[in-house]
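Within every chain, numbering begins at 1; the chains are lettered A, B, ... in the order of the sequence lines, protein sequences first and strands thereafter.
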Amino acid sequence: MLPSMDRRGCVSRNGMTPCATVGVGPYGPRVPTVKGPPPGCQGRAARLRCLVMRRTRLLLPTLRETPADAEAPSHVLLVRAGFVRPVAAGVFTALPLGVRTLRRIETIVREEMDAAGAQELRMPIVVPADPWKRTGRWEAYGEEMFKLRDRAGRELGLAPTHEEVVTLLAGAELRSYRDLPANLYQIGWKYRDEVRPRFGLLRGREFLMKDAYSFDRDEEGLRRSYEAMRAAYRRIFRRCGVEVREVEADAGLIGGQVNHEFLAPAGVGEDLFVRCDACGHAADLEAAAVGGLGAGAAPGPVAATGQPVPGAAPLVEVQTPGCATIEALSAFLGVPAERTLKCMLYDAGGAPVAVLLPGDREVDERALARALGREVRPFTAQEFEAHGLVKGYVGPQGVPEGIDVLADPAVAAGLDWVAGGNQPDVHATGVAPGRDFRIDRVLRVARVRDGDPCPACGGPLAIARGIVVGHVYQLGARYAEALGATFLDEDGAERHHVMGCYGVGISRVMAAAAEQHHDEAGLRWPRALAPFDVLVLPTNMDDPDVLRTAGELEAGLAAAGLDVLLDDRLVAAGVKFADADLIGVPVQVVAGRRGLSAGAVDLKVRATGERAQAPVGETVAAAVRALAAAP
RNA sequence: CGGGCCGUGGCGCAGUUUGGUUAGCGCGCUUGACUGGGGGUCAAGAGGUCGCCGGUUCGAAUCCGGCCGGCCCGACCA
């Protein structure tokens, strides 16, 4: 029987078990056929062990050009290298290579979760609205949550996370302290109707996530569960080959007090965080702005200029025509911006507040809102007028009673400020806190900047971008209380479950790894995440020696337990090299006429670019070693 | 949701300002030949309701209106 064949070297359309196909040929009448399965790949048992794939049988559409709608490196490369295809804004199909890499991440996550004593569940994507209304999150999530109605008019949502569902399950099934502690997790698609999907997989509307929920008798148990998860997360990201920083973070809509983010530093990361290279301290930028920095660490005008503290100068009014901005004022008076006093006015949930900070600083409005527990917005022109204030020339000495004065620690600590004179074109110098104006509350709401001192050690902080790949929270009992989830404790008392929740963005990890590991030629997967371990690349498809060797290497590498991709296309070698670098398989084994004439094949480690030769007979061992040594 | 840009074979683009009858180019795809160690060469092909709807006009990819989709910046967030 003559196998069907096509130009690309496909041997058999129905020979779907890769090892059942034969050699690499035939490619045409001129090309000799390699008979029989490659050595080491005979028999049913061996066949089942083989983890080989032929390029001609794989849906692996690589693109030579950059897709017009992709910007982030991970987005460009995951599309170009044939891992994913876009379906709608922020929604993707994972192609076979993408599935393989996602599965490797999932496997690592499962192993570590299971090792930590967690149990896997499958919860639904479509969830009823009622529990969400009871916890208040139906409203709180707002437009972010996909909401639907079924034919009977029942309200449903696509779950972005599963606290409600799992808490109800715990309330029903974890009824005794003997059932606790418990940690339940799942891996599945999550939905979020993003205001603005972007960066490809990094911020999609559908994303693959592992979410886990711990249930304990008390806070002490929660802390133990929490620390166990943090430890598991460190192992997960280390195994994935993704560099992460663990930072103190903001709880967002999930809630709870203590929480940490695992940020993968990357150029396109959408989260800003501060880190101190001296002591390792790191915090989410917003968390840092609220409580991460102690008052003593705040740079006053004195520390910033390096000048000694002047004595308490008298308050003097000076003419400053056209100086409604700090920039103009600083230039006009020849005073550094950090010695001027900026007085910002906000409406905070109906109550006016004044925020004082050095002129070179900006208010982090989110941090302010969080510190006050109210929404804030800048004063309107009418509000300035109503309070008798002149925009651009507001000084704290003229802030009327009834407006709370919140001051940055630097303002409280400084003397001799240059502040607004509360009339057009007038400022005042020598303005001192306490003497000239009151401070109702010292509050750190200035946006953290590069170079600010670290609260832990005083060293310089750096602002960096990162991708949130993991987030762990201590939730406490709020969900259990809202949903009435209780258990009977040892003393017979009915108590609410104390919860924690823990997420890993599986699809984000893939994108984050792509962000961290690529070059101009393409992806460079860490070996734990690569879709295949080894790529076998025969260069001369008309050479029987080359074909036979490639087939033997394919079988031998598979027998050694590696996932092997054989590029059996009948195309120019250059095409294969370019594709090999693009898809980023860690080890390339090149079998070509040139090397084989000396009895050798070439190995290339993608991540390092390192090349080596090995005798044909030792290639498998050399490839295994190269893979083990790869990043 | 504000601001900007963009929808033309599978992908990347030109053509639109100044309407004109066969809508081009590169890559990819098909067939054949040559080639075969870094996206090679030649030849012959296939493939397009120019995002959708409506309007103006003798005539619309091109002008006007509406809608849909996508990207970037911002606000927001895993």
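Candidate nucleotides B/G40, B/A78, B/G36 were compared by shortest atom distance to the side chain of A/Val468, and B/A78 ranks first. When each of B/G12, B/G37, B/G38 is scored by its nearest atom to the side-chain atoms of A/Lys604, the top-ranked nucleotide is B/G38. Nearest to the side chain of A/Asp542, among B/A78, B/G37, B/G36, sits B/G36.
Between B/G70 and B/A75, the distance separating the two P atoms is 22 Å to the nearest Å. Rounded to the nearest Å, the gap between the P atom of B/G54 and that of B/G59 is 16 Å. Comparing B/U56 with B/G65, their C1' atoms are spaced 11 Å from each other, to the whole Å. Distance noted for atom P between B/G40 and B/G28: 6 Å (whole Å). Here the separation of B/C63 from B/G19, taken at their P atoms, is 9 Å to the nearest Å. As rounded to the nearest Å, B/U18 and B/C64 have P atoms that lie 10 Å from one another. Nucleotides B/G15 and B/G48 are separated by 14 Å at their C1' atoms, to the nearest Å. Atom name C1', nucleotides B/G12 and B/C29: the rounded distance is 15 Å, in whole Å.
Taking atom OH on A/Tyr141 and atom C1' on B/C76, their separation rounds to 13 Å, with Å as the unit. A straight line from CZ of A/Arg594 to P of B/G38 spans 7 Å, rounded to a whole angstrom. A/Leu570 places its CG atom 12 Å from the P atom of B/C34, with the value rounded to the nearest Å. Between A/Asp579 atom CG and B/C27 atom P there is a gap of 17 Å when expressed in whole angstrom units. The distance between atom CD of A/Glu163 and atom P of B/A78, rounded to the nearest whole Å, is 11 Å. Atom CD of A/Glu194 is separated from atom P of B/C1 by 15 Å (rounded to the nearest Å). Across the protein-nucleic acid pair, A/Lys576 atom NZ and B/U35 atom C1' stand 13 Å apart, rounded to whole Å. Following rounding to the nearest Å, A/Arg80 (CZ) and B/C27 (P) show an atom-to-atom distance of 16 Å.
Nucleic acid contact for A/Gly595: base, since at least one base atom lies under 4.0 Å from a heavy atom of the residue. Counting any heavy atom pair closer than 4.0 Å across all strands shown, A/Gly592 reaches a base atom. Contacts of A/Arg85 with the nucleic acid, taken as non-hydrogen atoms under 4.0 Å apart, are absent. Within 4.0 Å of A/Val590, counting heavy atoms only, lies at least one base atom of the nucleic acid. Residue A/Lys210 is classed as having no contact, given no heavy-atom separation below 4.0 Å to the nucleic acid.
Both distances falling under 3.5 Å, in either a Watson-Crick or a G-U wobble arrangement, occur for no nucleotide opposite B/G36. Using Watson-Crick or G-U wobble geometry with both donor-acceptor distances under 3.5 Å, B/U22 finds no partner in any strand shown. The nucleotide B/G74 finds its pairing partner in B/C1, both defining distances of the Watson-Crick or G-U wobble pair being shorter than 3.5 Å. Partner assigned to B/G7 is B/C68, using Watson-Crick or G-U wobble distances below 3.5 angstrom. With a cut-off of 3.5 Å on both pairing distances, the Watson-Crick or G-U wobble partner of B/A43 is B/U31. Nucleotide B/G48 is matched to nothing when pairs are restricted to Watson-Crick or G-U wobble geometry with both distances under 3.5 angstrom. Across all strands shown, nothing is found opposite B/U62 as a Watson-Crick or G-U wobble partner with both distances under 3.5 Å.
Counting heavy atoms from C-beta on, the side chains of A/Trp132 and A/Glu139 never come closer than 4.5 Å.
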Exercise answer: donor-acceptor pairs, residues 584-599 of chain A side-chain atoms, under 3.5 Å, sequence neighbours excluded:
unit_1   : atom_1 : unit_2   : atom_2 : d
A/Gln588 : NE2    : A/Asp581 : OD1    : 2.8
A/Ser597 : OG     : A/Arg594 : O      : 2.6

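Partners of A/Arg239 according to the salt bridge (Lys or Arg N to Asp or Glu O under 4.0 Å) rule, which considers only residues two or more places apart in sequence or in another chain, are A/Glu111, A/Glu112.
The base of B/C77 is paired with the side chain of A/Arg203 by a donor and an acceptor separated by under 3.5 Å. No hydrogens or angles were tested; on distance alone, nothing pairs the side chain of A/Glu65 with the base of B/G28 as donor and acceptor under 3.5 Å. The base of B/G38 lies close enough to the side chain of A/Asp581 for a donor and an acceptor atom to sit less than 3.5 Å apart.
A salt bridge links A/Arg548 with A/Asp545; the closest basic N to acidic carboxylate O contact falls under 4.0 Å.
Where stacking is scored as ring centres under 5.5 Å apart with planes under 30°, A/Phe207 registers as stacked on the base of B/A78.
Nearer the 5' end of RNA chain B, as judged by each residue's closest nucleotide, is the contact made by A/Thr66, out of A/Glu206 and A/Thr66. Where A/Leu596 and A/Met209 each meet RNA chain B at their nearest nucleotide, the meeting point lying more 5' is that of A/Leu596.
Note on ring orientation: taking the six-membered ring where Trp is involved, the planes of A/His260 and A/Tyr226 are tilted (angle from 30° to 60°).
No hydrogens or angles considered: nothing links the side chains of A/Asn183 and A/Ser214 as a donor-acceptor pair under 3.5 Å. Under the 3.5 Å distance criterion, with hydrogens and angles disregarded, no donor-acceptor pair is assigned to the side chains of A/Glu227 and A/Ser225. Side-chain contact, A/Tyr191 with A/Asp193: no donor N or O sits under 3.5 Å from an acceptor N or O. A side-chain N or O of A/Arg137 and one of A/Tyr479 form a donor-acceptor pair less than 3.5 Å apart. Looking at A/Tyr502 and A/His471, their side chains never bring a donor and an acceptor atom within 3.5 Å of each other.
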Quiz item: Where along nucleotides 67-75 of chain B does protein come under 4.0 Å, by heavy atom, of base (B) or sugar-phosphate alone (S), with - for untouched nucleotides?
Solution: ---SSBBBB
